[in-house]
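Worksheet: one structure, shown below.
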Protein chains: 2
Amino acid sequence: MPALEERFREYVRKVTLRVPDEDIPMLMGATEYRELKKGTALLREGEVCRSVYLVAAGYLRTYYNKDGTTINLNFSFEGDYTGHIKSMRNHLPSEYTIEAGEDAAVWIFNIDSISGQFDRDSEIFLFIRRIAMYLLAVTEDQSNFFKIYTPTERYHYIEEHNPQLLQRVSLSQISSYLGVTRETLSRIRAKRD
Amino acid sequence: MPALEERFREYVRKVTLRVPDEDIPMLMGATEYRELKKGTALLREGEVCRSVYLVAAGYLRTYYNKDGTTINLNFSFEGDYTGHIKSMRNHLPSEYTIEAGEDAAVWIFNIDSISGQFDRDSEIFLFIRRIAMYLLAVTEDQSNFFKIYTPTERYHYIEEHNPQLLQRVSLSQISSYLGVTRETLSRIRAKRD
DNA sequence: GCAGACCTGTGACATTCATCACAATCGGTA
DNA sequence: TACCGATTGTGATGAATGTCACAGGTCTGC
């Protein structure tokens with residue numbers, strides 16, 4: 001089995017074990033594989049999101065523009081699924097931009113192109129709904145994470161549970177994701193004595 | 001059509017228009033209808049969540065216990081769907097408690113009882129996955145809402161987009177939901193001059 | 001090597017928020 | 001009416017965070 005397909009299968013397995021191995025090529029064939037230079041956008045503010053992205057290499061950064069200030073909402077690394085579900089589901093213009101934070105590669109599940117090729121009750125649509133269930137568990141966590149923890153607790157949680165975020169993303173970028181300024185994040189780090 | 005079934009159909013329509021009217025009684029039959037006194041819990045911390053709840057009357061409050069302090073994570077009113085997806089999907093003990101904030105009534109989609117009666121690819125399972133897609137759009141919003149807005153902005157947003165929350169829930173309860181103390185919320189309100 | 005862009009740390013000061021304490025208000029009820 | 005419990009408002013004070021300014025470090029391309 002080619003290395004890329006093997007990785008794709010591994011990432012499908014994160015979502016569900018109910019897809020048999022022989023269906024994997026069909027799922028992968030339903031996606032578009034795309035390589036991106038750092039800084040290239042997959043989704044821009046104002047566009048309608050029509051895809052779910054599965055990161056194959058590098059990472060994607062989702063951010064919101066608040067009166068000229070950038071607020072990072074999400075970082076998606078290898079094997080992570082992302083997109084803008086509200087925009088996709090309700091055909092609304094995107095409030096966010098999703099772009100490559102490093103040189104990256106993604107598998108793109110494009111709803112329109114899949115709708116053209118497959119029936120609404122096909123395996124591929126079932127799989128996309130299962131992605132939604134998977135993403136929902138992750139997003140529920142994210143949402144409550146913010147309500148429960150203070151900025152300092154959030155930083156230490158990331159340190160323990162998602163250390164690659166600290167290794168691969170600059171602190172200036174992480175600070176808005178944690179809901180503090182970069183100066184405060186710098187001081188949180190200094191206090192670990 | 002009985003009034004209760006009519007309301008149920010209306011709430012199904014919020015999730016999808018793809019369920020034909022003749023399937024509504026089947027969906028409703030797959031649920032358990034339950035009335036709750038104020039303060040009664042549907043899900044307790046430590047239990048595994050096996051259901052999605054659709055609120056028929058009153059409201060549900062989801063909260064987290066942080067070292068003895070209660071942090072409200074969610075309020076679900078008539079027609080809202082809620083549950084603890086991470087616990088349900090991964091069979092993990094619940095980190096949250098879900099209970100009636102007023103005398104309430106709910107339709108309960110219990111996964112185990114539905115699994116016993118229906119096939120995994122049946123309409124009812126398809127509908128539950130569609131609930132997940134719907135909930136995901138709402139939860140995505142919630143999650144980013146916190147990262148983007150300051151406590152004051154959050155209050156004014158609620159004031160405009162979810163006024164019944166302010167009418168039906170005490171300010172002491174709302175404050176932890178907005179991520180501030182009740183005193184600070186009181187001062188935010190005083191400042192509108 | 002060097003210039004320039006970007007990133008991190010830190011000091012000084014203003015602002016916001018949490019904490020503690022207590023007063024005022026409102027509803028329901030004896 | 002009078003009382004009680006729950007809720008909300010508000011003052012005083014200290015802690016946390018934001019803002020502004022600047023210094024030093026790292027990396028890249030010329």
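The figures that follow rest on heavy atoms only: side chains count, while hydrogens, waters and symmetry mates do not. Quick note on labels: first sequence line is chain A, next is B, and so on, each numbered from 1.
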*Please determine, for the side chain of Val180(B), which listed nucleotide (dA18(C), dT10(D), dG9(D)) has the closest atom?*
dA18(C)
*Euclidean distance, atom CD1 of residue Ile71(B) to atom C1' of dA18(C) [Å, nearest integer]*: 14 Å
*asked:* The side chain of Thr184(B) is closest to which nucleotide in this list: dA21(D), dA18(C), dG9(D)?
replied: dA18(C)
*Please give, in whole Å, the distance from dG18(D) P to Leu185(A) CG?*
10 Å
*For Glu159(B) and His156(B), does a side-chain donor sit closer than 3.5 Å to a side-chain acceptor?*
yes
_Taking atom types as they are modelled, would you say the side chain of Arg187(B) forms a donor-acceptor pair with the base of dG11(D) within the 3.5 Å cutoff?_
yes
_Atom-pair distance (CD on Glu153(A); P on dA16(D)), nearest Å_ = 12 Å
*Ser172(B) side chain N/O closer than 4.0 Å to the phosphate oxygens (OP1, OP2) of dT8(D)?*
yes
*Within the structure, does a side-chain N or O atom of Arg189(B) lie under 4.0 Å from either OP1 or OP2 of dG9(D)?*
yes
*For the base of dC17(C), is there a side-chain donor-acceptor partner from Glu183(B) under 3.5 Å away?*
no
*Could you state the CD-C1' distance from Gln167(A) to dC7(C), rounded to the nearest angstrom?*
17 Å
*Is it true that Lys38(A) and Asp103(A) make a salt bridge, defined as a side-chain N closer than 4.0 Å to a carboxylate O?*
no
*Round to the nearest Å and state the distance from Tyr149(B) atom OH to dT16(C) atom P.*
20 Å
_Charged N-O contact under 4.0 Å between Lys14(B) and Asp80(B)_ = yes
*asked:* Using a heavy-atom cut-off of 4.0 Å across all strands, would you classify Ser186(A) as base, sugar-phosphate, or nothing?
replied: base
*asked:* Expressed as a whole number of angstroms, how long is the span from Arg182(B):CZ to dT7(D):P?
replied: 10 Å
*Rounded to the nearest angstrom, tell me the gap between atom CD1 in Ile174(A) and atom P in dT8(C).*
8 Å
*Think Thr181(A) has a side-chain N or O under 4.0 angstrom from the OP1 or OP2 of dT17(D)?*
no
*Any donor-acceptor N/O pair, Arg13(A) side chain to Val19(A) backbone, under 3.5 Å*: yes
_On a heavy-atom basis, which atom in Thr82(A) and which in Ser76(A) lie closest, and how many Å separate them?_
CB-OG, 3.3 Å
_Rounded distance in Å - CG (Leu171(B)) to P (dT7(D))_ = 10 Å
